[in-house]
Amino acid sequence: MNNPHHLNPTSLKSRFTTRFLRALTKIHAQKSISSSSPTEIFRRYRRIKVAADKSMAYSVRSRRIWSRAMLWKLRSRSYRRQDPCSGRRSGKINQAIMKKSSNENTTTRREDGVGFVEEADELRQLVPGGEAMNLCNLLDETAHYIKCLTTQVQVMKKIADFYSF
């Protein structure tokens, strides 16, 4: 019963793993030109990333604000049918991270809490749906989102380790 190789079917990790492996199987089954061009590599990367995000959001179901926001974004993106090379969100994230790292030395925490408000605003940009959350919900959703991202990384690492033999 306490077999470490057996996942609890109701656990987040189990639900994510099942959905993600199913999505990877579909991606693998798609007929693609076996090209190693940068564009083809990026498209494949994008499909895997979307599959991971969608699998995690569906695994959490609609219990969390971030999962609902992520699913809404993925659905609206699929309706637009835009080229995966355009409209990337990573630019915003990278700008927020670069801004944070460049201001890290100059930004100090002040007693009036202004530095904390700026940090909370940056956090709102990183957590899906964070723009509409109050601070208490933002912190709760961030903690859960980090837990889910950690699970996602663990599962993906195990898959990579399994296929690296």
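The structure displayed is predicted, hence computed values, not measured ones.
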Taking Ser62 for its side chain and Arg68 for its backbone only, find out whether a donor-acceptor pair lies under 3.5 Å. no

Are side-chain heavy atoms of Leu21 and Ile159 found at a separation under 4.5 Å? yes

State whether Lys158 and Asp161 are salt-bridged, where the test is any N-O pair (Lys NZ or Arg NE/NH1/NH2 against Asp/Glu carboxylate O) under 4.0 Å. no

Taking a hydrophobic cluster as the set of Ile, Leu, Val, Met, Phe, Trp and Tyr residues connected by side-chain heavy atoms closer than 4.5 Å, whether directly or through intermediates, do Tyr163 and Ile41 fall within one such cluster? no

Can you get from Phe20 to Tyr58 by hopping between Ile, Leu, Val, Met, Phe, Trp and Tyr side chains that sit under 4.5 Å apart? no

Out of curiosity, Met156 CE to Lys49 NZ, how far, rounded to the nearest 0.5 Å? 9.0 Å

Backbone of Ser11 reached by a side-chain donor or acceptor of Ser14 within 3.5 Å: no

Regarding Glu40 and Arg47, does a basic nitrogen lie under 4.0 Å from an acidic carboxylate oxygen? yes

Hey, could you give me the CD1/CZ distance between Ile27 and Arg22, rounded to the nearest 0.5 Å? 13.5 Å

Nearest heavy-atom pair of Val60 and Ser67: which atoms, and what distance? CG1-OG, 3.9 Å

Is there a path of hydrophobic side-chain contacts, each under 4.5 Å between heavy atoms of I, L, V, M, F, W or Y residues, that connects Val50 with Leu71? no

If hydrophobic clusters are built by linking Ile, Leu, Val, Met, Phe, Trp and Tyr wherever their side-chain heavy atoms come under 4.5 Å apart, do Val153 and Tyr45 end up in the same one? no

Please find the pair of heavy atoms, one from Gly130 and one from Leu138, that lie closest to each other, and give the distance. CA-CD1, 4.2 Å

Identify whether Leu12 and Ile146 are in the same connected component of the hydrophobic contact network (ILVMFWY, side-chain heavy atoms under 4.5 Å). no

Quick check for you: to the nearest 0.5 Å, what is the distance between Ile48 atom CD1 and His28 atom NE2? 11.0 Å

CG/Leu126 to CG/Asp121 distance, rounded to the nearest 0.5 angstrom? 11.5 Å

Got Lys73 and Asp53 here, is their nearest side-chain heavy-atom distance under 4.5 Å? no

So which heavy atom on Tyr145 is nearest to which on Pro128, and how close? CZ-CD, 3.5 Å

Quick one: are Asp140 and Met133 in side-chain contact, heavy atoms under 4.5 Å? no

Which residue, Thr18, Thr150, Asn8, Val155, forms the side-chain contact (heavy atoms from CB on, under 4.5 Å) with Lys13? Val155

Between Arg15 and Ser59 (side chain of the first, backbone of the second, donor and acceptor by atom type, cut-off under 3.5 Å), is there such a pair? yes

Taking C-beta and beyond as the side chain, do Gln154 and Phe16 meet within less than 4.5 Å on heavy atoms? no

Output for pair (Thr17 OG1, Arg19 CZ), nearest 0.5 Å, gives 12.0 Å

Would you give the length of the straight line joining atom CD of Glu131 to atom CG of Leu123, rounded to the nearest 0.5 angstrom? 10.5 Å

Donor-acceptor pair, side chain of Gln152 and main chain of Ala52, under 3.5 angstrom: yes

Where is the tightest heavy-atom contact between Cys148 and Met56, given as atom of each residue plus distance? O-CE, 3.1 Å

